[in-house]
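Predicted model, so just to flag it, every value in this text is computed and none were measured. Throughout, numbering of the chain's residues begins at 1 and tracks the sequence. Indexing begins at 1, ligand by ligand and atom by atom, following the structure's order.
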Amino acid sequence: VIDKDVEKKFQAKFAIVRRVASTLVEQALRSDESGGKPDLALAREQQKKYIDNLRDLGIDVHEFDSDDRLPDCCFVEDVAVCHDGIALINRPGHPTRQGEVDVVRRVLSFDLGQKVVEMSEQEGATLDGGDVLFTGKEFFVGLSQRTNMKGAMFLADTFENYPVSPIKLSDGSLHLKSFMSMASPGVIAVGSSKDAQKALKEIESKASFKYSKVTLPDDVAANCVYVNRTLIHCSHEDFPESAKKFEALFPHTHRIEMPNSEFRKVDGALTCRSILIQKKPKA
Ligand code: CIR
């Protein structure tokens, strides 16, 4: 795969997003309560900004209404993995999130013409999209509380043209992308914590290709979105030191700062809030 082709893997014509359920505040899953409860109005404002920015990047955004029975429904990334015209519909690892797949499956198949593959066909397989790091050339899949080996293997069968390496996460970590993501083609952004660095080591030892890395002081800030030659990353208000580092290291990249304070309180990062789809396959 040459670099021009890799850049194409980070181009999106479509996105799926979902509005914020009012039940997010009390019922969304969270690893601890230390950040306090999300402010619903502010979360919705932050989600609107996210969606507006995707639209400004020329992306046709399919925006779905929230469902109060699904408190985490705005975190659509976990529900499906979409590349090269294939949409893998996951079985999310937490039972309260499994109902989120229905709306997303419908749009991927009927409106966006993706070839849908169902993880539910494989008995016992679970996978959250937050555990899936796609570099444009290969996949790394976090084995976490949400994603198991059967899920990772099912993903490997689904995207058979790419190497897929499972990465064992420490017990305390939610997802692989809770502390890393692609900051641009060939560049992995990673947090400074022990858990993040341990996962990175395993990635480096298993990788089929070479990557450079950018280390951020804050784990959460290492979750950013690179799409349509634009880097969407944490704001100065949320993570001043990490934001400064993005600014310094990517002076020639179009960058957008995105607030995420309310989603972070329930473990939501920037990538979680959308599914990006390259294009509709030719009929
Ligand atoms: C959860 O625990 O499932 C949600 N509260 C947060 C999901 C975040 N998703 C992601 O990082 N991909």
[atom]: the protein heavy-atom neighbour that sits closest, reported with distance to 0.1 Å:
{"atom": "atom 9 (N) of ligand 1", "value": "Asp78 OD2, 2.8 Å"}
{"atom": "atom 11 (O) of ligand 1", "value": "Cys272 SG, 2.8 Å"}
{"atom": "atom 8 (C) of ligand 1", "value": "Asp267 O, 3.4 Å"}
{"atom": "atom 4 (C) of ligand 1", "value": "Asp72 OD1, 3.2 Å"}

Under-4.0 Å salt bridge between [X] and [Y]:
{"X": "Arg97", "Y": "Asp78", "answer": "yes"}
{"X": "Lys244", "Y": "Glu241", "answer": "yes"}
{"X": "Glu7", "Y": "Arg229", "answer": "yes"}

Side chains of Ser261 and Gln46: is there a donor and an acceptor less than 3.5 Å apart? yes
Going by salt bridge (Lys or Arg N to Asp or Glu O under 4.0 Å), name the pairs with one or both residues in residues 64-75, residues two or more places apart or in two chains. Arg19-Asp65, Asp67-Arg69
Name all pairs fulfilling the salt bridge (Lys or Arg N to Asp or Glu O under 4.0 Å) condition that reach into residues 169-183, sequence neighbours left out, sorted by first residue then second. Glu77-Lys177
Could you see which bit of Arg97 sits under 4.0 Å from ligand 1, with heavy atoms only: side chain, backbone, both or neither? side chain
In terms of atom number and element, which parts of ligand 1 are under 4.0 angstrom from non-hydrogen atoms of [X]?
{"X": "Gly130", "result": "12 (N)"}
{"X": "Glu77", "result": "10 (C), 12 (N)"}
{"X": "Arg146", "result": "1 (C), 2 (O), 3 (O)"}

Side chains of Asp84 and Tyr162, heavy atoms from C-beta outward: is any pair under 4.5 Å? yes
Check for me whether Lys177 has a heavy atom closer than 4.0 Å to any atom of ligand 1. no
For Phe263, is the NZ or CZ atom of Arg273 found under 6.0 angstrom from the centre of its six-membered ring and inside 45 degrees of the ring axis? yes
Report yes if some N/O of [X] lies less than 3.5 Å from some N/O of ligand 1; otherwise report no.
{"X": "Arg30", "answer": "no"}
{"X": "Leu29", "answer": "yes"}
{"X": "Val266", "answer": "yes"}

